[in-house]
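Predicted, not measured: the structure shown is a model, and the values here were computed from it. Both counts, for ligands and for their atoms, begin at 1 and track the order of listing.
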Amino acid sequence: MNDRAIIVTGAARGIGLATTKLLLSEGISVAMVDNDGEELSKASESLQNILAIHCDVSEPAQVKSMVGQAETYFKRIDGLVNNAGVADFGPIENTGFDTWRRVMATNLDGVFLCSQAVIPALKLTKGSIVNIASISGLRASTLRTAYGTSKAAVIQLTKQQAAELGEFGIRANCVAPGPVRTKLAMAVHSQEIIDAYHDAIPLNRYGSEHEIAEAIVFLCSDKASYITGQVLAADGGFDSTGVGLPALRD
Ligand SMILES: NC(=O)c1ccc[n+]([C@@H]2O[C@H](COP(=O)([O-])OP(=O)(O)OC[C@H]3O[C@@H](n4cnc5c(N)ncnc54)[C@H](O)[C@@H]3O)[C@@H](O)[C@H]2O)c1
């Protein structure tokens, strides 16, 4: 068993699984948390130094039990990566309240609940929280009323956490990924959206799960020991750019 342990939510696939593997490669144990039991078993069966925990991050009782299981197993918690997320794109007028609530429940309530539940353990280790937002939380775009608003709220929640938890030596930061070809993104990115992203991104491509994981693991690590309350856009330059890229490319 390794000395340090970090909880990663939404760890069964995509960015969460890439983050899990990168943490493991750096000698850090991982509590892999996901509400998709089947994917979680598949993803975790060949990995060492992990504890797979089936948990819906939007359910307070399940979150409390999940953090208890991780603490009992690893004896300490050094970090929390709030990565579990869902996406649903649609026009404002067609965004039903059930959709709005479903997106907020995982993307925002989940971050609030997991962070709150892990604070006592993080006080003991002076650990850190990394929340996964999105470029959709930094800049508004079409069809993202629920998703973009949930991610903008995660950015503000990160700053609240940094402000309050700094005195306990706990850091809180946020990664805002650009587009990555995961199951979540491919379910909502039409060909038009894919083309629009290529046009709007200086690096002219989607990112990889591993590239996002590198930013997350950096913010979890002691290399980021004086960084808190920040939002790191791992986005190929999307957030820094205005109009003109397609004209330049022509
Ligand atoms: N892929 C992208 O383009 C992109 C861009 C910006 C931000 N993000 C964010 O990155 C994070 C990871 O997304 P991804 O692209 O890897 O998606 P993904 O769908 O591949 O993985 C998300 C994981 O979260 C799990 N999950 C969903 N709801 C959950 C819940 N209530 N409780 C526990 N687990 C739950 C899913 O089962 C899944 O394993 C999300 O927060 C997403 O919003 C992704």
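Below 4.0 Å from some heavy atom of Ala185 lie the following atoms of ligand 1, by number and element: 1 (N), 2 (C), 3 (O). Every atom of ligand 1 with a heavy atom of Ala133 under 4.0 Å away is listed here by number and element: 7 (C), 9 (C).
Nearest protein heavy-atom neighbour of atom 19 (O) of ligand 1: Arg13 NH2, 2.9 Å. Protein heavy atom closest to atom 4 (C) of ligand 1, with residue, atom name and distance, is Gly178 O, 4.1 Å.
Ring geometry for Tyr197 versus Tyr206: interplanar angle over 60°, hence perpendicular rather than tilted (30 to 60°).
Between the side chains of Arg76 and Thr125, no donor-acceptor pair is found at a separation under 3.5 Å. For the 3.5 Å distance criterion, the side chains of Asn82 and Ser115 qualify, holding a donor opposite an acceptor. Judged purely by distance below 3.5 Å, without hydrogens or angles, the side chains of Asn35 and Glu59 never pair a donor atom with an acceptor atom.
Across Asp34, Asn35, Ile132, heavy-atom proximity to atom 10 (O) of ligand 1 is greatest for Ile132. Of the listed options Tyr147, Tyr206, Tyr197, Tyr147 places a heavy atom closest to atom 43 (O) of ligand 1.
In Glu164, the CD atom is not crowded: 12 or fewer heavy atoms of neighbouring residues, nucleotides or ligands sit closer than 6.0 Å.
One distance of note links OG1 of Thr99 with CZ of Arg101; it measures 11.5 Å at 0.5 Å rounding.
When heavy-atom distances to ligand 1 are checked against a 4.0 Å cut-off, Ile135 has no atom that comes that close, whether in backbone or side chain.
Side-chain atoms of Leu143 and Pro91, non-hydrogen and from C-beta on, do get closer than 4.5 Å to each other. Side-chain contact between Phe238 and Leu138 is absent, with no heavy-atom pair separated by less than 4.5 Å.
Annotation: Val57 places an N or O atom under 3.5 Å from an N or O atom of ligand 1; distance criterion only. On a distance-only criterion, Thr106 and ligand 1 share at least one N/O pair closer than 3.5 Å. Remark: ligand 1 and Asn83 share an N or O pair separated by less than 3.5 Å (distance only, no angle test). At least one N or O atom of Thr182 sits closer than 3.5 Å to an N or O atom of ligand 1. The N/O atoms of Ile15, backbone and side chain alike, include one that comes under 3.5 Å of an N/O atom in ligand 1.
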